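Chain A is the first sequence line, chain B the second, and so forth, proteins listed ahead of strands; every chain is numbered from 1. Since this is a predicted model, take the numbers as computed values, not measurements.
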Amino acid sequence: MPEGHTIHRLALDHRSRFEGERVRVSSPQGKFADGAALIDGHVMTRAEAHGKHLFLGFGQDRWVHVHLGLFGKLGFGATPAPPPTDTVRLRLVNATAYADLRGPTACALITDAEKHAIHDRLGPDPLRPEDDGSRAWQRISRSRTTIAALLLDQKVIAGVGNVYRAEVLFRHRIDPYRAGRDLTRAEWDALWADLVFLMAEGVRHNRIDTVRPEHLPEAMGRPPRVDDHGGEVYVYRRAHQGCHICGSEIRTAGLAARNLFWCPGCQPGTGGG
DNA sequence: ATTCCATGATCAG
DNA sequence: TGATCCTGGAATC
């Protein structure tokens, strides 16, 4: 389940398996059959990520644009590939490896120009070395929208999802309901720097861990609880449980059609009221 | 067996 | 704000 770190990790995974090699491309499910036929047998020249978007390059002016959405998954394996199930939208195969894509929001063949248009509408990505947070700050510092909503707006900052949103706000003791324009530049710079760090760790370990072990009370014992999403977190999906730091009950509320989680003790403010 | 829910995003109204 | 698209695992009946 994908936030930006997942997509960047997938770009690396595609490079190591397919870059520079001819790839058999098919769409067992059929929804990408036409696109697959056009690039079947071509060399994968590049694999890139920006935010939650994955771009697989097949020669000049041809990219497969993949967006996993909420349900999409990419699974890798060694050849021989098993018979595909009927939900496999895209299958890539070379001599040694295969990749199966299921349930994506987007899987389409696009041109350079279309790819550029996608980059243009995305904000800076903490995982792209050439990006920095100042462009995001231009928007945030002028916005009356809550910082929680801004962090999920991919035009503002690309790659942050519901877990990183909740966790980074907790780590910086920021009330999710504060307006963007009420943040200080120093607060934003610290949030950005932390996202750069946390998301790089996410790529490396292929999961989201945000808890500093020394923060966990002795009483919890080690190893600490691992959330059923697979990583160690402070507040995400811990509604009505005790905060690891102050013991307050973690709160939850809907915000922009997503579930928000925060600690009213560590992140003081209006809490939406 | 059925419903619910999820680390996403778009579109209509 | 709500409906909708995509899949699969967990919870519930």
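With respect to Arg207(A) and Asp209(A), a salt bridge is recorded, a charged nitrogen being found less than 4.0 Å from a carboxylate O.
Straight-line distance between the P atoms of dG2(C) and dA6(B): roughly 16 Å, to the nearest whole Å. Straight-line distance between the C1' atoms of dT10(B) and dG8(C): roughly 22 Å, to the nearest whole Å. dG13(B) and dC5(C): their P atoms are spaced 15 Å apart (whole Å). For the P atoms, the distance linking dC4(B) with dT4(C) amounts to 15 Å, nearest Å. A gap of 24 Å separates the P atoms of dC6(C) and dA1(B), to the nearest Å.
Phosphate contact (OP1/OP2 of dT7(B), side-chain N/O of His5(A), threshold under 4.0 Å): absent. Between dT7(C) and Gln29(A), a contact under 4.0 Å exists linking OP1 or OP2 to a side-chain N or O. Proximity of Thr87(A) to the phosphate of dG8(C): a side-chain N or O atom is located under 4.0 Å from OP1 or OP2. Phosphate contact (OP1/OP2 of dT7(B), side-chain N/O of Tyr164(A), threshold under 4.0 Å): absent. The side chain of Asn162(A) contributes no N or O atom lying less than 4.0 Å from OP1 or OP2 of dA6(B).
Side-chain contact check for Arg102(A) and Thr87(A): at least one donor-acceptor pair (N or O, by modelled atom type) lies under 3.5 Å.
One can place CZ of Phe71(A) at 13 Å from P of dG9(C), the figure rounded to the nearest angstrom. Separating the NZ atom of Lys73(A) from the C1' atom of dT7(C) is a distance of 7 Å, rounded to the nearest angstrom.
For the pair Arg46(A) and Phe55(A), the cation does not sit on the ring face, since its NZ or CZ is not both under 6.0 Å from the ring centre and inside 45° of the axis.
Shown here is Arg204(A), whose CZ atom has no more than 12 heavy atoms of other residues, nucleotides or ligands within 6.0 Å.
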